[in-house]
Amino acid sequence: MTSSRTLHLAAELAPGAGDSPSALASARTAAPAVGGTAARTVALARLAEGAALDFLTHDDSFTRPGLDALAVLARVAPETRSIGLVPTVTTTHTEPFHVQAAVATLDWVSRGRAGWRIAVSPTGAEAALFGRRTAPATAELWQEAGEVAEVSRKLWDSWEDDAEIRDVVTGRFVDRRKLHHVNFQGATFSVTGPSIVPRPPQGNPVTVVDATRPAARDTAAHHADVALIRASSAEEAAALRAELRQGARAHGRDPGQLRVLLSATVDLDAYEGGPAALAELIAGWHGGGAVDGFHLVPAVPERDLERFTAGTVTRLRDRGLFRKAYEGTTLRDQLGLARPVSQYAAEARVTTGARA
Amino acid sequence: MSTTPGRKQIHLAAHFPGVNSTTVWADPRSGSQIDFSSFEHLARTAERGLFDFFFLAEGLRLREHNGRIHDLDVVGRPESITVLNALAAVTDRLGLAGTVNATFNEPYELARRLASLDHLSAGRAAWNVVTSSDAFTGENFRRGGFLDRADRYARAAEFLATARELWDSWTPEGRQRPFVHSGPQFGIEGEFTVPRSPQGHPVVIQAGDSAEGREFAASAADVVFTRHSTLEAGREFYADVKGRLARYGREPGDLKIMPGVTYVLGDTDGEAQERAGEIRRQQVSPQNAILALEQIWGRDLSGYDPDGPLPDIDPDPDSTLVQGRVRVADPVGVARRWRALSEAKGLSIRQTVVESTSRQSFVGSPGTVAAALEEFVATDAADGFILVPHLTPGGLDDFVDRVVPLLQERGVFRTEYSGTTLRSHLGLPEPVWKG
Ligand SMILES: Cc1cc2nc3c(=O)[nH]c(=O)nc-3n(C[C@H](O)[C@H](O)[C@H](O)COP(=O)(O)O)c2cc1C
């Protein structure tokens, strides 16, 4: 493990997103104050952006009190410049076609800073809100979530980057050979395509999967650009990271294109040693190769994000372990992930090559 | 608000230039149809002009022609609600209206997204409820083309009623209550996660022209978006739709009628007419002329010369050549009229299409256009207009700079926003909270 390996830092924004028992209760208390959501979230996002964090997540589910997370981050996009924006998007009762269009649009309005954290809706209460199907077993839901990730990538790729030609002589706005039907057939849905949205700035917005639960792990290994894990020791984290990278390889992926971040609920009021000790821990785990970075879930975002950026991030930066300023403009740039070539463009090249 | 008492006020909305042949992309001033900067420019211009709202259309499958993706017009647009949330950050008062299909969505999710937009924009959200039910579009969705055309408004009406139950499920005092909805289209229950939004209910727009569509608008919409943009047709439509309101216990002012209209300005009427002709020729390229003909004839006419005469064969009434757009109602009749026009004036295919399809609604000097707009509204052909510029993103600049001040001088358009919500701009009543 080289010491120059980049450290990645992210933070959660939603009120009461931690896995503490009081989280949902605190989210419920916050819900009636949603009128202040835009101002609150913009303030937090600017704080995190001031510290050059890679990205922000915003948790969501159909039973979580509060506003639609993708909407909140779209509202934040024009008021920020560099930080990645990653809402939770559920795949169980939603339309894959709409979901990918919304994420692609978040990438357009943020000029290349969008990601999405894929989630499932496992409860009967969520199923009753839609009344279309009962809640299948969680393993099946993650299987389906993987298919949604796959068809989304196809739809993002269904417009090649240079599909728009505006050729006045032939009167053609697009080169239709560079627009592709995806003809996706999954276990529970099918989509013909192409997308209605041109290929987003990042080509493919960043896919984040919370791999904490074993049921989500294979989907993470197969489809995630960023996997979130939870672990109580560096050894446990390293083992999970190795498992995910091995899984990625088994799915034919380059494990170097997968970032594994440790997600941790942090109450900096109660944390022994405070922000400085947290900086030590991050430096230690990252330096030892256990993880590629950290995803902070603040117990109280307004309080803990301030302390994290002022106390922890500053120390990491002073030690030369974290960036001083953003490099590049997209979330992929921050994460050191390549901008993918459209799979259809790649296909065309291979076919042409074979013929030549 | 400084208005002249007794004068009927005009409402104005700005339609982002669409995925259709009205939008001229070949002009050197034509910018991106997808970069956020284009949306921001048009929205800021509309707000500078004190418009009621900004409007986005929707199409859930790329149009196809003869089995191939249609390539002659602008293609590609963002998902509406996400763009509107971003625009809420760069505007303060402008209403933000998105078209979202009631067939390929579910009430709980869409009601939540719309309520979120209303919160994030502090009361500026609007939903244009459309109802396409074709199987071609359905191929992009879980349920395919599941809905009979005859049921499209039954679903839309129950969808909207269900959304309103969800929006009413929080009391105005901020107490959450569980909901249960059980009907032919939807059986759902639970708790809605979003507190009552600033407008109570986002503004509802309806666009559709059939008798069922008009009835749906009269029973449930706040605004009708119509294509009737001539004085006579406008008055007839206006009287018809407003006449349906009493049956639902509604007042004429409760539903605003806003045709989508195009315009061309010039320093003089003559200059504007000349410019209008140029724009029509830009809109109808030789390739687009053949395509327009194929949409009527329902046949492959690629062998015809756009500068030559019209085909003498008749349209195919059962054609499936065109997918993803509304089919012309009476193709044989239209073909007969076009042939007659071409013969009478000695016009080529392209000239015939230019003459027949792309007439702008309002052409003239700013003074002429302002007077015509006022006449339209004063004589009950409309309550206002959804302006459709032909250029992205600068197509509204002229109108705001030159026509809006004249409307203000005439005392028929606001000189400042008097309220903060879209409902207040439109003069719509607060929705009654159904406890
Ligand atoms: C002015 C106008 C604008 C429309 N805009 C859209 C649109 O953006 N997206 C869409 O899917 N349908 C749109 N429609 C189609 C209508 O929702 C509806 O499907 C169609 O008019 C058929 O309904 P009808 O039989 O009542 O006319 C529009 C219709 C009108 C009249």
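First the proteins, then the strands, lettered A, B, ... as listed; each starts at 1.
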Once rounded to the nearest 0.5 Å, what's the spacing between atom [atom1] of [X] and atom [atom2] of [Y]?
X        : Y        : atom1 : atom2 : answer
A/Thr105 : B/Arg77  : OG1   : CZ    : 11.5 Å
B/Asn85  : A/Asp68  : CG    : CG    : 7.5 Å
A/Phe97  : B/Glu79  : CZ    : CD    : 11.0 Å
B/Asp35  : A/Arg111 : CG    : CZ    : 7.0 Å

Measure the shortest side-chain to side-chain distance between [X] and [Y] over non-hydrogen atoms and say whether it is less than 4.5 angstrom.
X        : Y        : result
B/Tyr108 : A/His93  : no
A/Pro65  : B/Gln176 : no
B/Arg61  : A/Ser195 : no
A/Trp159 : B/Leu62  : yes
B/Glu109 : A/Thr94  : yes
A/Asp60  : B/Arg112 : yes
A/Glu95  : B/Asn105 : no

Using non-hydrogen atoms and a 4.5 Å limit, figure out which bit of [X] sits close to chain B: side chain, backbone, both or neither.
X        : value
A/Leu70  : side chain
A/Val72  : both
A/Ser158 : neither
A/Val169 : backbone
A/Ala71  : both
A/Arg199 : neither
A/Thr41  : neither
A/Glu126 : neither
A/Asp175 : neither
A/Ala102 : both

* To do: Answer with yes or no whether the side chains of B/Glu64 and A/His181 bring together a donor and an acceptor at under 3.5 Å.
  => yes

* To do: Verify, without hydrogens or angle tests, whether A/Arg75 (side chain) and B/Leu120 (backbone) share a donor-acceptor contact under 3.5 angstrom.
  => yes

To check you understand the geometry: which heavy-atom pair defines the closest contact between [X] and [Y], and what is its length?
X        : Y        : answer
B/Arg142 : A/Pro96  : NE-CD, 3.8 Å
A/Arg166 : B/Gly31  : NH2-O, 3.0 Å
B/Thr82  : A/Ala74  : O-CB, 3.6 Å
A/Leu129 : B/Ile188 : O-CG2, 3.4 Å
A/Pro194 : B/Ile69  : CG-CD1, 3.6 Å
A/Gly171 : B/Gln287 : N-NE2, 3.6 Å

* Asked: Ring centroid separation for A/His98 and B/Phe104, is it under 6.0 angstrom?
  ->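 No, too far apart.
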
* Compute the centroid of each ring, for A/Phe173 and then for B/Trp25, and state whether the two points are separated by less than 6.0 Å. => yes

Tell me, side chain or backbone of [X] under 4.5 Å from chain A's heavy atoms, or both, or neither?
X        : answer
B/Glu106 : side chain
B/Val75  : both
B/Glu58  : neither
B/Glu189 : both
B/Leu117 : neither
B/Phe141 : both
B/Phe179 : side chain
B/Ser37  : both
B/Ser121 : neither
B/Leu60  : both
B/Ile81  : neither

* So which of A/Phe184, A/Phe62, A/Phe189 has the largest heavy-atom pair count under 4.5 angstrom toward chain B? ->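 Sorted descending by pairs with chain B, the first entry is A/Phe62.
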
More than 12 heavy atoms of other residues, nucleotides or ligands under 6.0 Å from [atom1] of [X]: is that the case?
X        : atom1 : value
A/Arg132 : CZ    : yes
A/Gln143 : CD    : no
B/Arg177 : CZ    : yes

* **Ion pair A/Lys178/B/Asp71, N-O distance below 4.0 Å** => no

